[in-house]
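See structure below.
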Amino acid sequence: MKLKMKLVAALAGSVCFATASFADGHLSLDGKKVGVAVVGTQHFWDREAFNGAVSTVESLGGTVVPVDGGRDNQVHADNHDILLAQGVDAVISILGDGAVEPKFEALSGAGIPVFTVDHQSPFGTNNTTSDNYYMGTTIGRYMADAIGGEGKVAVFNAFEGALRICGIRAGLWKYVLQDYPGIEIIQPELAEEFANAPEDARIKTLDLLSQYPEGTLDAIHVGCWDQPAIGIVQALEEAGRTDVLVTALDGGPDTLEIMAEEGSPFVANVAQQPNLIGSTAAMNVARHFAGETLLPQTFVEVLPVLGQEGAKAAYEELGYGTLD
Amino acid sequence: MNQTLSTKLLAVFPIAVFACLFAYLSIESSTFLSLGTFELILKQAVPTVIVSLGLAAVVIAGGDDVVAGGIDLSIPATAIICAAIIADQLTNQGNTLVFAMTLAFGAAAIIGAINAFLVVGLRMTPLLATLSMSVAVVGLTKVITSSRRIGVTDESIVFIRDGKIMGVAASVILTAVLVVIFYHALHRTRWGMNMQATGGSRDAAEISGILTRRFVVQSFLIAAFAGWIASVFVLARGSGSSPGTEENMLLEMVLATFLGAAFSPRRVVTLWGAVLGAVVVSALSVGFISIGVNVFWTGCIKGALILLVVASAAVATKGRS
Amino acid sequence: MTDALLKMCDITKSFPGVLALDNVALEVASGEIHGLVGENGAGKSTIIKVLAGVYKADAGTVEIDGHVLPDVTPRSVHDAGVRFIHQELHLVQHFTVTESVFMGQEEQTLLGLSTRAMRQKAEAFFETALGTEMSGNTLIRDLGIAERKLVQIARALIDNQAKLVVFDEPTAPLTSGETDKLFTAIRKLKEQGIAMIYVSHYLAEITGICDRVTVLRNGQNAGRFDEVFDDSAPAMISAMVGREIDELFPKTEHTPAAPRFEVTDLSAEKFEDVSFTIHRNEIVGVAGLVGSGREDLIDTIYGLAKPRSGTMKIDGVAQKFRAPADAVGAGIALVPRDRRHDGLVLDMSVSDNINLAALDTVSRGTLENRRAANAVATDMSETLDIRPRNIAATLRLLSGGNQQKVVLGRWLNKGADIFILDEPTVGVDVGAKVEIYQHIENLAQDGVSVLVSSSDPGELIGLCDRILVMLRGKIVAEVSTTDLGVDELVALTTGGATQEAVS
């Protein structure tokens with residue numbers, strides 16, 4: 001309950017903060033052309049961050065040049081070239097893997113500041129992201145508690161090496177587990193796909209379950225996000241397995257709904273606020289043009305979610321509606 | 001007279017649609033009509049152009065019936081497996097570029113040979129054979145990369161990405177050279193004409209003493225070769241091998257090749273058509289972005305436009321036969 | 001005729017169960033146009049395929065220019081200067097004339113194709129060798145059929161090595177206006193000293209163009225005409241036919257009652273201005289060669305193809321058939337020539353297929369009465385001699401002829417006012433033929449109007465009261481079968497005689 005209080009305070013704080021800036025009137029993107037590049041709009045998180053950035057740029061009086069990579073990291077990278085050719089004043093780049101780095105370099109070389117979302121880059125002016133350190137350690141503690149501090153855990157971890165945020169989240173999750181010698185991470189780790197993540201994870205989980213029969217597997221964790229968890233939960237139901245718990249990170253409405261179901265194996269999550277993250281990135285662009293000095297990273301609060309009741313409460317708090 | 005007039009109108013319709021569209025884009029966007037944008041369009045079209053060259057060869061040799069004729073859906077998969085092999089060899093195994101590319105060439109050759117065997121030897125439908133091949137190859141790629149990104153910093157690859165030759169992007173120049181070589185081979189030599197005859201009418205070609213099976217086999221090998229070449233440009237574009245590229249490339253390749261047929265005066269798949277198709281598809285993407293079309297609508301608008309053009313070409317062909 | 005260019009002697013070729021060629025001789029002198037005629041199945045295409053090296057003869061020799069070919073293969077025959085103009089055009093629709101002419105024999109230098117040189121050569125060839133103008137850049141699909149035929153000829157002869165050209169039914173797809181273009185080219189080739197073998201069903205063309213004619217019948221030589229005159233056709237026909245009508249037909253005179261089915265000025269792509277009437281109690285036949293428009297006429301009548309103009313009336317009421325189902329709905333029974341469009345369900349049993357069109361007669365409410373249906377099927381399978389005599393057999397397992405009988409059985413079972421039978425006895429053995437004829441005869445006596453389209457002249461004469469003869473898209477004659485001979489009918493269908501001459 002203490003935690004919950006803290007969260008409400010944090011949420012209220014960030015909302016107040018945003019409102020204050022609007023009311024402030026100092027911030028404006030009048031006459032500015034801002035490119036907003038997103039790797040894909042298929043997943044809730046990506047779409048919400050994109051929508052948050054676009055609507056905030058527009059509400060600050062700026063013009064948006066939107067580009068969508070269609071889930072292809074290479075197309076996403078290419079899109080930055082188009083933004084460069086368009087002569088935008090700034091770029092907000094949401095997600096993406098290493099393929100975009102040379103593009104960021106070209107943009108900043110041309111004097112166009114790049115504001116990244118969930119993607120730390122030496123060529124970026126600022127990266128807006130969730131508190132990934134908190135997310136990684138929290139989900140590590142929750143998972144360890146959920147399985148009683150010992151057992152075998154499988155992990156979907158395709159992006160730890162490719163994306164820094166995933167490196168933080170998965171790395172700190174592993175860091176916490178170092179203090180639980182009874183917990184064993186099954187090797188090799190599983191690699192999920194970005195496109196069609198739920199279906200891909202479903203099939204891989206079914207394979208995994210056939211290798212690890214009843215009683216030999218205690219949890220499946222998704223290291224950096226939770227779209228694969230949708231497929232994992234489905235696979236567990238199909239296989240009739242109730243001995244395996246699921247933990248993951250992101251907490252969009254789709255996964256919170258699954259967690260809120262009676263007897264859901266999906267027991268812990270840390271919810272992010274993608275819309276607010278996108279919106280904050282847009283505010284940062286305005287602050288940059290207003291002459292403010294930005295820190296390299298802006299952290300947006302996250303909301304730990306534990307169990308069925310926790311999911312229902314988070315769902316309501318994040319403004320997705322109510323679950324009964 | 002009236003009929004020939006409408007036939008003629010129908011013949012220029014596809015070109016007219018895109019001409020109008022690009023005129024509109026040029027007026028709407030201050031940046032669209034510029035050398036810089038043009039170079040960008042060409043640059044972004046590069047991987048699609050190269051895989052489309054391969055598909056064009058297969059369609060030319062196999063005929064343009066989408067189900068029974070020639071088609072090779074495994075070219076993008078070939079490109080990404082070659083890219084994965086090269087990236088893995090360079091970054092993870094520490095081998096040289098020449099060694100990595102030779103290994104990838106071997107993989108491409110095996111894929112091409114199996115495709116040819118399935119289609120010519122076992123008489124499988126090319127659509128089915130190469131689709132299955134594509135699925136298998138994409139699966140194998142995931143095994144090689146563990147579905148993870150592999151970054152590449154090799155100088156030659158970086159040169160293809162950023163380099164300039166005579167002030168023009170290196171990737172564009174290299175691709176142009178490749179296009180000219182392919183064009184000469186397929187459209188300007190006896191060998192190429194015989195390949196066209198094979199696809200135009202198998203019976204007619206055989207009666208003229210052309211060994212049609214050999215040409216179909218060769219077309220699949222050419223396709224695999226195109227996939228192998230494309231892999232280098234894919235690597236350059238992504239500064240490494242990123243998962244999830246094959247799907248989009250497959251779509252664009254098929255679109256570009258058959259859109260090209262709509263542009264060709266004879267309404268058949270040609271090399272120039274495929275190249276033009278790929279450039280048009282790329283120009284559409286850039287153009288829509290430059291006028292700020294809502295991202296949720298671009299796919300829909302693009303699809304509708306292409307459908308319109310391809311359908312009009314189908315009507316024109318039907319009117320003629 | 002001492003300087004024989006081609007001498008085929010004692011050619012014998014048999015296929016399992018059939019002796020296709022029996023000691024056949026064919027001799028062609030240099031520079032002549034030699035006609036080769038015979039009925040379907042007489043062995044014309046077999047001997048041409050032996051000459052082409054496609055079939056290997058069991059016995060006999062092929063001698064060209066005084067040299068016996070040790071091994072007759074497509075290559076050795078080609079090297080000896082023999083070229084074949086197949087009935088099918090075998091052209092690529094989207095190729096230009098030049099590309100088509102040089103297909104498989106393109107000229108190129110180190111720099112690539114010699115496009116301009118090839119175009120000039122092709123255009124010059126059309127001008128000098130075939131006596132016509134043709135642009136090398138025109139696409140094949142923009143050419144008429146006759147011009148495409150010329151392109152096909154040019155492709156065979158462009159290397160200027162041809163001594164003997166074999167034309168297989170070159171005019172079959174052409175209209176009468178178009179044939180003139182082809183004949184101009186053929187005469188021009190003759191002027192250049194090229195010998196030709198001309199295979200055709202059209203006797204008027206044969207007598208018009210050939211110097212000598214060889215007639216085949218049942219795989220044997222049936223005569224050679226060393227001089228051909230305009231009135232040689234009847235003699236050729238009797239050599240071709242050489243038999244009397246089989247005693248298969250239960251022929252009785254019908255007294256045609258009131259008109260039932262009237263077709264007026266019907267035109268479509270391949271035929272024009274076709275008008276005829278079928279009365280009650282009458283069997284009318286349609287005769288015509290392949291390409292005469294006969295098949296297209298039947299397709300159009302039963303709604304498979306679209307008419308351009310004209311009307312069809314049943315009992316004075318105008319009809320419009322967009323699909324065969326419409327024709328069936330108007331009371332027409334259809335027995336089509338192939339089983340693609342006849343609605344046979346190959347995976348259902350014989351019984352189910354026979355009852356398919358008439359389920360209501362063997363049903364109580366919505367339930368099919370199995371026993372009644374099977375009784376009908378058993379009965380029908382007896383009368384039509386459907387083999388195997390097992391009404392539960394899946395149709396796919398039956399031979400083509402027996403499948404045909406099932407279609408007929410279905411309509412005999414259902415009953416209709418008008419029967420259209422398209423090649424009703426193709427692939428049917430003689431015994432079953434007699435039964436089918438008897439059933440058709442019974443239909444007419446019961447007041448049904450029957451239209452029979454057939455490529456067998458004997459069948460038409462034996463079965464029908466009247467025959468409409470089609471030639472190049474038109475009805476050129478309408479004859480009563482009383483005292484009509486097979487030779488006369490053949491003469492009419494091949495353009496060897498006119499209606500006036502026959503009657």
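A, B, ... follow the sequence lines: proteins, then strands. Residue 1 opens every chain.
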According to the interplanar angle, ranging from 0 to 90°, do the rings of Trp191(B) and Phe215(B) count as parallel (below 30°), tilted (30 to 60°) or perpendicular (above 60°)?
-> tilted
Got a salt bridge between Lys149(C) and Glu178(C), using NZ or NE/NH1/NH2 to carboxylate O under 4.0 Å?
-> no
Quick one: does Gln105(C)'s side chain have a donor or acceptor within less than 3.5 Å of a partner on Arg155(C)'s backbone?
-> yes
Measuring heavy-atom distances to chain B, does Thr96(C) have an atom under 4.5 Å in its side chain, in its backbone, in both, or in neither?
-> both
Rounded to the nearest 0.5 Å, what separation is found between the CD1 atom of Ile197(C) and the CD1 atom of Ile33(C)?
-> 12.0 Å
Taking Gly112(C), Pro74(C), Gly104(C) one by one, which has the highest count of heavy-atom pairs under 4.5 Å against chain B?
-> Gly104(C)
Pick from Met193(B), Arg202(B), Glu206(B): which one has the most heavy-atom pairs with chain C under 4.5 Å?
-> Met193(B)
Over 12 foreign heavy atoms within 6.0 Å of CZ, Arg214(B) | no
Heavy-atom contact with chain B under 4.5 Å, split by part of Leu89(C) | neither
Measuring heavy-atom distances to chain B, does Arg75(C) have an atom under 4.5 Å in its side chain, in its backbone, in both, or in neither?
-> neither
On the 0 to 90° scale, with breaks at 30° and 60°, tag the Phe182(B)-Phe225(B) ring pair as parallel, tilted or perpendicular.
-> parallel
Honestly, the part of Gln196(B) sitting under 4.5 Å from a heavy atom of chain C is both
Atom group of His78(C) that falls short of 4.5 Å from chain B, counting heavy atoms | neither
